[in-house]
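Take a look at the structure set out below.
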Amino acid sequence: MNNLSTLQKGSPDRFGYEWSLYSEIRPIYEEQFRRWLPFFSGSDWSGKKFLDVGCGMGRNSYWPLKDGALSGVSIDVDDNSLHSAKKNLGIFPNSQVIKMSAYDIEYHDEFDIAFSIGVIHHLEKPSVAIQAMKNSVKLGGKVAIWVYGFQNNQWLLHFLNPLRKAIFSKLPIGFVHHLSLYPTLILYPCLRIIDFKLAYLRLISQFDFKHLRSIIFDQMLPEIANYWTENEVRQIFIDARLKNIKVESVNGMSWAAVGER
């Protein structure tokens, strides 16, 4: 089992603060979810049992359950995140929200699909989590993730990432949230004036001010944030001995990957 200090390397408490502030389910989240897991259509979830690893406030479990999943288990280690997830998913009687680490998933040969969106790139030991997800699915079951990409993120790596590592990740989380207001004030009008070609920027130009601020805040708060190439993402799945691996670019700035046990 992993002790608390190891778990805290992924900053779950800081994300819990985020999900307590930005806990509502918004319609545009469905569009994001479909892009983050492009390997699955709505009908692919019908009658399936799934595991959502690092569920946050439950936004990504919501859509498979709405699509007719047989059951869903959503796990996280932060109490604030779990509280928000229980509130959002409480309308589904076939949903369970459980406090459990991505490293210590207690299920074996249980699920048709295990997925993790926006979490694996924040972990100190991503390979351990992927292996635990693999063990949780049935033979022939699928493991899927969405993670940050290296491509088209050089400005983040050269500017924001050093600031995040040296300053933002060490500041009190409430103060970091306050600071997120100022780049949002700059970016919000730019997204409405400039016709950006990058798919991700075109997508977030549809966000209202509060949603855009939550995205910027999300980039500023973690202790660990990895930005991977396609080959690096693929290698994580190869090392886990998953089969029929597929990796696709998402919005020109991130990766979705899926493999079978």
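Side-chain contact between Ile145 and Ile130: present, with at least one pair of heavy atoms (C-beta onward) separated by less than 4.5 Å. Residues Ile204 and Leu191 have side chains in contact (heavy-atom distance under 4.5 Å, counting atoms from C-beta outward). Looking at heavy atoms from C-beta onward, Arg261 lies in side-chain contact with Asp109 at the 4.5 angstrom threshold. Within the 4.5 Å cutoff, the side chain of Phe217 has heavy atoms near those of the Ile173 side chain. The shortest distance between side-chain heavy atoms of Asp13 and Tyr17 does not fall below 4.5 Å. Phe207 has its side chain within reach of Gln32: a pair of non-hydrogen atoms, C-beta onward, lies under 4.5 Å apart. Using a 4.5 Å heavy-atom cutoff, the side chains of Leu179 and Phe168 are in contact. You'll find the side chain of Trp255 reaches within 4.5 Å of the side chain of Glu230, heavy atoms only.
No donor-acceptor distance shorter than 3.5 angstrom exists from the side chain of Asn135 to the backbone of His108, with no hydrogens or angles considered. Side-chain atoms of Asn251 never come within 3.5 Å of backbone atoms of Leu198 as a donor-acceptor pair (strictly under, hydrogens ignored). Although no hydrogens or angles enter the test, the distance criterion places no donor-acceptor pair under 3.5 Å between the side chain of Arg35 and the main chain of Val250. Side-chain N or O atoms of Asp67 include none that pairs as donor or acceptor with a backbone N or O of Ser43 at under 3.5 Å. Between the side chain of Asn226 and the backbone N or O of His121 there is at least one donor-acceptor pair closer than 3.5 Å. Judged by distance alone, with hydrogens and angles left aside, the side-chain atoms of Arg164 form a donor-acceptor pair with the main-chain N or O of Glu223 at under 3.5 Å. With Ser116 contributing its side chain and Val53 its backbone, the two residues share a donor-acceptor pair below 3.5 Å. In this structure a side-chain-to-backbone donor-acceptor pair under 3.5 Å is missing from Tyr22 to Ile215.
Looking at Asp78 and Arg14, no side-chain N of the basic residue comes within less than 4.0 Å of a carboxylate O on the acidic one, giving no salt bridge. With salt bridges taken as basic N to acidic carboxylate O contacts below 4.0 Å, one links Lys49 and Glu110. By the 4.0 Å N-to-carboxylate-O rule, Asp112 lies too far from Lys142 to be salt-bridged with it.
Side-chain atoms of Arg213 and Ser180 include a donor-acceptor pair closer than 3.5 Å. In summary, the side chains of Tyr148 and Gln219 do present a donor paired with an acceptor at a separation below 3.5 Å, with no hydrogens or angles considered. When only modelled atom types and interatomic distance are considered, Asn80 and Ser20 share no side-chain donor-acceptor pair under 3.5 Å. For the residue pair Asn88/Arg59, the side-chain donor-acceptor check at 3.5 Å is not satisfied. At a cut-off of 3.5 Å, with distance as the only test, a side-chain donor of Trp146 or Ser254 sits close to an acceptor on the other residue. No side-chain N or O of Ser23 forms a donor-acceptor pair with one of Ser84 less than 3.5 Å apart.
Aromatic ring centres of His211 and Tyr188: separated by at least 6.0 Å. Proximity of the aromatic rings of Phe15 and His122 is defined here by a centroid distance below 6.0 angstrom, and this criterion is met. A distance below 6.0 Å separates the ring centres of Phe111 and Tyr107.
More than 12 heavy-atom neighbours from other residues, nucleotides or ligands sit within 6.0 angstrom of NZ on Lys138.
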Check: Does the ring-ring contact (aromatic ring centres under 6.0 Å, His included) test come out yes or no for Trp36 and Tyr29, once each step is laid out?
Finding: CA-CA 10 Å; Trp36 287 334; Tyr29 288 166; 8.1 Å; no

Item checked: Check against side-chain contact (heavy atoms from CB on, under 4.5 Å), Ile98 and Val73 -> CA-CA 7 Å; Ile98 299 173; Val73 175; 3.9 Å; yes

Item checked: Asp79 vs Lys86, salt bridge (charged side-chain N to carboxylate O under 4.0 Å, His left out): CA-CA, chis, key distance, verdict -> CA-CA 10 Å; Asp79 290 332; Lys86 288 176 180 177; over 6 Å; no

Item checked: Full working for side-chain contact (heavy atoms from CB on, under 4.5 Å) between Gln96 and Ser74 -> CA-CA 6 Å; Gln96 288 183 281; Ser74 309; over 6 Å; no

Next item on the list: Verify side-chain contact (heavy atoms from CB on, under 4.5 Å) between Phe40 and Lys48, making sure each step is shown before the conclusion.
Entry: CA-CA 12 Å; Phe40 306 102; Lys48 298 296 195 302; over 6 Å; no

Next item on the list: Decide salt bridge (charged side-chain N to carboxylate O under 4.0 Å, His left out) for Glu24 and Lys210; before the verdict, give the C-alpha distance in whole Å, the side-chain angles of both, and the deciding distance to 0.1 Å.
Entry: CA-CA 11 Å; Glu24 68 273 23; Lys210 183 179 179 181; 3.7 Å; yes

Check residues 235-245 and write down every donor-acceptor pair under 3.5 Å in which the side-chain atom is one partner and the other belongs to a residue at least two apart or another chain.
from   : atom 1 : to     : atom 2 : distance (Å)
Gln235 : NE2    : Asp239 : OD1    : 2.8
Asn244 : ND2    : Glu260 : OE1    : 3.1

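Minimum heavy-atom separation, Ser95 to Leu65: CB-CD1, 3.8 Å. Between Pro38 and Ala256, the shortest heavy-atom contact is CD-CB, 3.5 Å. Considering every non-hydrogen atom in both Tyr62 and Phe92, the closest pair reads CD1-CE1, 3.7 Å.
Partner of Phe115 under the ring pair (Phe, Tyr, Trp, His ring centres under 6.0 Å) criterion, chosen from Trp45, Phe39, Trp63: Trp45.
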